[in-house]
There are 2 protein chains.
Amino acid sequence: MTKTKERLEAFKELLDRKGLKYTYERECIYDEVQRIDQHFDADSLYDRFKKRGARIARATVYRNLPLLLESGVIQKSAGEGKRDFYEKTTSKGHHDHMVCLGCKRIIEFHSDELEALQDKLSHQYKFKLIFHDHRLFGYCEKCRA
Amino acid sequence: MTKTKERLEAFKELLDRKGLKYTYERECIYDEVQRIDQHFDADSLYDRFKKRGARIARATVYRNLPLLLESGVIQKSAGEGKRDFYEKTTSKGHHDHMVCLGCKRIIEFHSDELEALQDKLSHQYKFKLIFHDHRLFGYCEKCRA
DNA sequence: TTGAATGCAAAACCTTTGCAAGCTC
DNA sequence: GAGCTTGCAAAGGTTTTGCATTCAA
């Protein structure tokens, strides 16, 4: 079974577990999210439906994102302001962020060692890790002067 | 020099660097933050002034928190909803969070290994680390069933 | 058939902003 | 005195909610 299908299953299982229904709108939202390779917020997702003429209300998008989050289909991404940002969960390509308090620049980084350590800690706490949000705040090379 | 005074110096230096002034209100806000041992948001900080009869406007609080953040006096804390949460920066007692997607419970954890790894990564990227925000999302022991 | 989901628009919430008056330096 | 700050209240942007209607199981 492909990863994508596994995630859809996880979503359906969550709905089942909660006594919720797999509606047409939820299917649309799930599908659309899979097509987005960047991070996105609720409104930009809604816009994609609007531009295409799909009849999905903004409230429906807002109401369903938490379910996608809870099922691990999407994860929180580095927010750039007030809005919540998300990105679809993929096993590869994950990165974390260093945020410069001076120039606000965002440096992406990846560390296998870090990922491994998180797995180890999760295991210690009997926690089933789905995704994480890790940001380092400080000053970049230019701004630390 | 005590840690607390060092942080006040960092705050004053930031103001200087930006051509800003060390006003009575900024002093009040700095002091009040030092008295809070838990995490807090802008509004609860404002309430503390209001209850005590101090004349500091909500807008002033909102306008100054970013400066305390930038100077490293406070840091972002695990937000529990939409609001931004902060906590004062202390060298000891820092912890990160595992957030259960099922019951929303928050498990605090601490790992020296993790802290060390972050320092190492920061060094690699010539990044001066001030604080970080690290949350693991998944399912706790009870909810993973 | 029954409880859940949707759409719409209004409401709620948190945060930011404009402006006149007041302070630092 | 010049320019940054503040207080106030109004505005702004994002997310949530109430309710009647529609839909999944």
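Below, all heavy atoms of this structure are taken into account, side chains as well, without hydrogens, waters or symmetry copies. Each chain gets a letter, A, B and so on, in the order its sequence line appears, and its residues count up from 1.
With contacts defined as side-chain heavy-atom distances shorter than 4.5 Å, the pair B:F131/A:L136 does not qualify. With contacts defined as side-chain heavy-atom distances shorter than 4.5 Å, the pair A:L114/A:F109 qualifies. Counting only heavy atoms from C-beta outward, the side chains of A:T89 and A:I130 never approach each other to under 4.5 Å. Between B:R48 and B:R35 there is a side-chain heavy-atom pair separated by less than 4.5 Å.
Rounded to 10°, the angle separating the first-five-pair axis and the last-five-pair axis of the helix from C:dT1-D:dA25 to C:dC25-D:dG1 equals 50°.
Among residue pairs with one or both ends in residues 121-131 of chain A, none qualify as side chain to side chain donor-acceptor pair (under 3.5 Å); sequence neighbours excluded.
Counted by atom type alone, B:H134 and A:Q118 present one or more donor-acceptor pairs between their side chains at under 3.5 Å. Side-chain N/O atoms of A:D41 and A:S44 include a donor and acceptor closer than 3.5 Å.
Of the two residues contacting DNA chain C, namely B:Y22 and B:A42, the nearest-nucleotide position lying further toward the 5' end is that of B:A42.
For B:Y62 and C:dT15, the shortest distance from a side-chain N or O to OP1 or OP2 is below 4.0 Å.
Note: CG (B:D16) to C1' (C:dT24) measures 12 Å, nearest angstrom. Regarding A:Y24, its OH atom lies at a distance of 23 Å from the P atom of D:dT21, rounded to whole Å. To the nearest angstrom, C1' of D:dT15 lies 14 Å from CZ of B:R83. For the pair A:D41 CG and D:dT16 P, the computed distance is 13 Å after rounding to whole Å. Rounded to a whole Å, the CZ atom of B:R58 is 12 Å from the P atom of D:dG7. For B:L65 and D:dT5, the CG to C1' distance is 15 Å, given to the nearest whole Å. Atom-to-atom, CZ of A:F49 to C1' of C:dT6 comes out at 14 Å; the value is rounded to the nearest Å.
Sparse packing is recorded around OH of B:Y24, with 12 or fewer heavy atoms of other residues, nucleotides or ligands lying under 6.0 Å away.
Side-chain atoms of B:Y30 come within 3.5 Å of backbone N or O of B:L8 as a donor-acceptor pair.
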Are any protein N/O atoms closer than 3.5 Å to N/O atoms in nucleotides 1-5 of chain C? If there are, list each pair with its distance.
residue: C:dG3; atom: N2; partner: A:K21; partner atom: NZ; Å: 2.5
residue: C:dG3; atom: N3; partner: A:K21; partner atom: NZ; Å: 3.1
residue: C:dA4; atom: O4'; partner: A:K21; partner atom: NZ; Å: 3.2
residue: C:dA5; atom: OP1; partner: A:R26; partner atom: NH2; Å: 2.1

